[in-house]
Amino acid sequence: MDGTGTPIRVGTAEDWDAISDLLGSVFHHTMSAEEREVEGSVFEPERSLVADDSGTVVGHAAAYTRDLTVPGAVIPAAHVTLVGVLPTHRRRGLLTRMMHRQLREIAAAGREPVAVLWASETKIYPRFGYGHAAPRLRMTVATREVSPPDAPATGDSRLRLIRPLDAIPELSKVYEQLRATRPGWSSRDERWWRFVLSDIESQREGATAQYGVVHETADGPTGYAIWRTKGNWDDRGPDAEVRVREVVAADPVAYRALWRFLLTIDLARTASVHFASLDEPLQYLVDEPRRLGTAVADGLWIRIVDLPRALAARSYAAPVDVVLDVTDPLLTENSGRWRLTADASGSATCTRTEEPADLACTVLELAAAYLGAVPLAALGAAGTVRELTPDAVRKASTAFGWHRMPNPTEVF
């Protein structure tokens with residue numbers, strides 16, 4: 001039996017418990033009452049798609065309404081989430097139907113030119129046109145083997161411990177000061193701050209509650225860090241782990257001070273970080289960078305929904321005038337030849353054209369290059385972007401790049 005006869009409808013607030021049960025089954029985790037309440041606080045039933053088999057929720061996909069920072073701009077982006085199908089209903093086409101319907105509805109609404117998600121399995125989403133646009137850096141730092149960054153005293157700066165949920169105005173002030181310049185960051189209103197900082201006991205994995213520290217000057221906060229610790233002792237003595245959740249700093253003084261603090265916490269021998277950028281400055285501040293234990297992992301996946309709006313919305317690192325021949329089997333209005341022109345300021349236009357193409361690719365390749373982390377030249381070397389005019393890949397790759405790597409900061 002296939003899934004073509006299973007109705008897919010818009011969700012309701014009353015579906016949340018059944019959706020939670022489904023997601024628990026899919027992701028092998030029983031959600032506590034506290035988790036259901038926290039996750040439900042950001043649930044948008046009107047953006048929820050439910051596969052309903054005779055009153056049982058057997059599949060689900062949803063999106064959050066948030067903004068995403070892209071190179072040189074902040075744009076609306078559908079934050080796709082809570083996707084899953086019950087084991088009893090796999091391989092029936094339900095996921096494909098839900099993802100196709102969701103993308104078509106996002107396109108029809110006309111508000112969000114891109115969609116973004118974290119992938120549970122990376123082979124799933126390319127078939128829906130998602131490209132891996134923001135790799136992240138993970139670090140497992142041997143804190144006794146690296147010299148922490150120098151943190152010169154400035155006279156008017158200090159570190160102050162805080163309880164994160166009680167300090168949202170201060171944390172938000174620093175975050176908002178930087179958000180427009182950091183590709184990969186998502187908007188956070190009060191509701192989202194409470195979600196991001198939620199400290200659910202069943203998710204601590206044996207570690208402490210969350211701690212926070214603010215770096216401040218006479219003019220106010222200039223940075224913060226959020227972390228927890230997991231204590232351990234062995235035959236050689238203390239062996240605790242500092243689990244760093246987020247470090248945000250408005251200037252090098254705050255950045256150095258926060259990392260020095262985190263890497264010198266007493267009785268700890270390891271610091272783990274899961275959401276660093278590929279160009280994380282800490283790599284250039286320690287004397288033994290190998291001991292940072294770096295590894296590259298996947299992060300954000302982008303889907304271009306409205307191609308001309310998406311390409312015109314972001315800024316470009318260099319002037320460019322290129323004709324792209326794009327294929328999009330799902331959202332066919334994106335297919336065809338598009339002329340992308342950007343001036344020296346980075347401002348761009350993208351319009352349909354009948355001119356000969358300089359490059360040919362699918363929408364997936366443009367999505368992968370969209371945040372500036374994946375060079376079009378690398379995709380050209382892989383053969384997934386085809387150069388039709390000499391030197392077109394180099395020029396376009398330079399323009400699509402950006403001076404900072406995207407920095408995925410949270411799983412949603």
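For reference, positions follow the sequence shown, starting with 1. No experiment lies behind these values; they were computed from the predicted model shown. All heavy atoms count here, side chains included; hydrogens, waters and symmetry mates do not.
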With the side chain counted from C-beta on, respond yes when [X] and [Y] share a heavy-atom pair under 4.5 Å apart, and no when they do not.
X: Arg404; Y: Ser277; value: yes
X: Tyr224; Y: Ile162; value: no
X: Val273; Y: Trp227; value: no
X: Val326; Y: Ile304; value: no
X: Arg245; Y: Val196; value: yes
X: Val83; Y: Met99; value: yes
X: Arg303; Y: Val363; value: yes
X: Val296; Y: Leu137; value: yes

To the nearest 0.5 Å, what is the distance between [atom1] ([X]) and [atom2] ([Y])?
X: Glu35; Y: Glu201; atom1: CD; atom2: CD; value: 11.0 Å
X: Arg36; Y: Thr30; atom1: CZ; atom2: OG1; value: 8.5 Å
X: Asn232; Y: Glu241; atom1: CG; atom2: CD; value: 9.5 Å
X: Phe400; Y: Leu340; atom1: CZ; atom2: CG; value: 5.5 Å
X: Leu359; Y: Leu324; atom1: CG; atom2: CG; value: 6.0 Å
X: Thr270; Y: Ile265; atom1: OG1; atom2: CD1; value: 12.0 Å

Has the side chain of [X] got a donor or acceptor atom that lies under 3.5 Å from a matching backbone atom of [Y]?
X: Asp279; Y: Met405; value: yes
X: Ser198; Y: Ile200; value: no
X: Arg228; Y: Thr208; value: yes
X: Glu288; Y: Glu145; value: no
X: Ser172; Y: Pro169; value: no
X: Asp287; Y: Ser147; value: yes
X: Asp328; Y: Leu331; value: yes
X: Thr69; Y: Arg179; value: yes
X: Gln283; Y: Leu278; value: yes
X: His215; Y: Val213; value: no

Least distance between heavy atoms, [X] atom then [Y] atom:
X: Pro308; Y: Asn334; result: CD-OD1, 4.4 Å
X: Pro408; Y: Ala134; result: CG-O, 3.6 Å
X: Pro149; Y: Leu282; result: CG-CD1, 3.9 Å
X: Pro71; Y: Leu371; result: CG-O, 3.6 Å
X: Ser186; Y: Leu68; result: OG-CD1, 4.0 Å
X: Ala133; Y: Pro406; result: O-CG, 4.0 Å

Exercise for review: Show the numbers, then the answer: is there a side chain to side chain contact (heavy atoms under 4.5 Å, CB included) between Met98 and Val85?
Suggested key: CA-CA 10 Å; Met98 290 189 297; Val85 175; 3.8 Å; yes
Return the set of residues passing side chain to side chain contact (heavy atoms under 4.5 Å, CB included) with [X] (not counting sequence neighbours), or none when no residue passes.
X: Ala268; answer: Ala240, Val242
X: Val374; answer: Ala368, Leu379
X: Asp219; answer: Thr217
X: Thr353; answer: Val323, Arg337, Arg339, Glu355

(request) Give a yes or no on whether Glu37 atom CD has more than 12 heavy-atom contacts from other residues, nucleotides or ligands under 6.0 Å away. (result)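 Counting neighbours around CD of Glu37, 12 or fewer heavy atoms of other residues, nucleotides or ligands fall under 6.0 Å, so no.
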(message) Between Lys173 and Glu170, does any side-chain N to carboxylate O distance fall below 4.0 Å?
(response)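 Salt bridge absent between Lys173 and Glu170.
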Is Arg204 salt-bridged to Asp199, cutoff N-O under 4.0 Å?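 Result for this pair is yes, salt bridge flagged.
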- Could you pull out all residues at least two apart from His132 that satisfy ring pair (Phe, Tyr, Trp, His ring centres under 6.0 Å)?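 Counting only residues at least two positions away or on another chain, His132 forms a ring pair (Phe, Tyr, Trp, His ring centres under 6.0 Å) with Trp301.
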Tell me every residue that passes salt bridge (Lys or Arg N to Asp or Glu O under 4.0 Å) with [X], counting only those two or more places apart in sequence or in another chain.
X: Asp150; answer: none
X: Arg9; answer: Asp15, Asp52
X: Arg352; answer: none

- Query: With Arg291, which residues qualify under side chain to side chain donor-acceptor pair (under 3.5 Å), at least two apart?
  - Reply: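 With neighbours one apart ignored, the set is empty.
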Go through the structure and list residues passing side chain to side chain donor-acceptor pair (under 3.5 Å) with Ser187, not counting sequence neighbours.
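With neighbours one apart ignored, the set is empty.
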Derivation and outcome, side chain to side chain contact (heavy atoms under 4.5 Å, CB included), residues Arg194 and Ile168: CA-CA 8 Å; Arg194 293 197 171 279; Ile168 289 176; 3.9 Å; yes
Cation-pi between Arg191 and Phe195: NZ/CZ under 6.0 Å from ring centre and within 45° of the ring axis?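 Negative - Arg191 is either too far from the ring of Phe195 or too far off its axis.
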For Leu285, the option from Arg260, Arg256, Glu280 that meets side chain to side chain contact (heavy atoms under 4.5 Å, CB included):
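So, applying the side chain to side chain contact (heavy atoms under 4.5 Å, CB included) to Leu285 and each of Arg260, Arg256, Glu280, only Arg256 qualifies.
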Give every donor-acceptor pair under 3.5 Å between a side-chain atom in residues 109-130 and any protein atom, sequence neighbours left out.
{"residue": "Glu112", "atom": "OE1", "partner": "Arg47", "partner atom": "NH2", "Å": "2.8"}
{"residue": "Glu112", "atom": "OE2", "partner": "Arg47", "partner atom": "NH1", "Å": "2.8"}
{"residue": "Trp118", "atom": "NE1", "partner": "Glu410", "partner atom": "O", "Å": "2.9"}

Practice item. Could you walk me through whether Ser20 and Glu39 pass side-chain hydrogen bond (donor to acceptor under 3.5 Å, both in side chains), step by step? Key: CA-CA 9 Å; Ser20 299; Glu39 293 277 357; over 6 Å; no
Just do the side chain to side chain contact (heavy atoms under 4.5 Å, CB included) check on Val42 and Tyr64 with the steps written out, would you? CA-CA 8 Å; Val42 293; Tyr64 298 130; 3.8 Å; yes
What pairs meet the side-chain hydrogen bond (donor to acceptor under 3.5 Å, both in side chains) rule with one or both residues in residues 100-109, with sequence neighbours excluded?
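The answer is Arg101-Glu105.
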query: So, do Phe412 and Trp192 have ring centers that fall under 6.0 Å from each other?
result: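 No: the rings miss the under 6.0 Å criterion.
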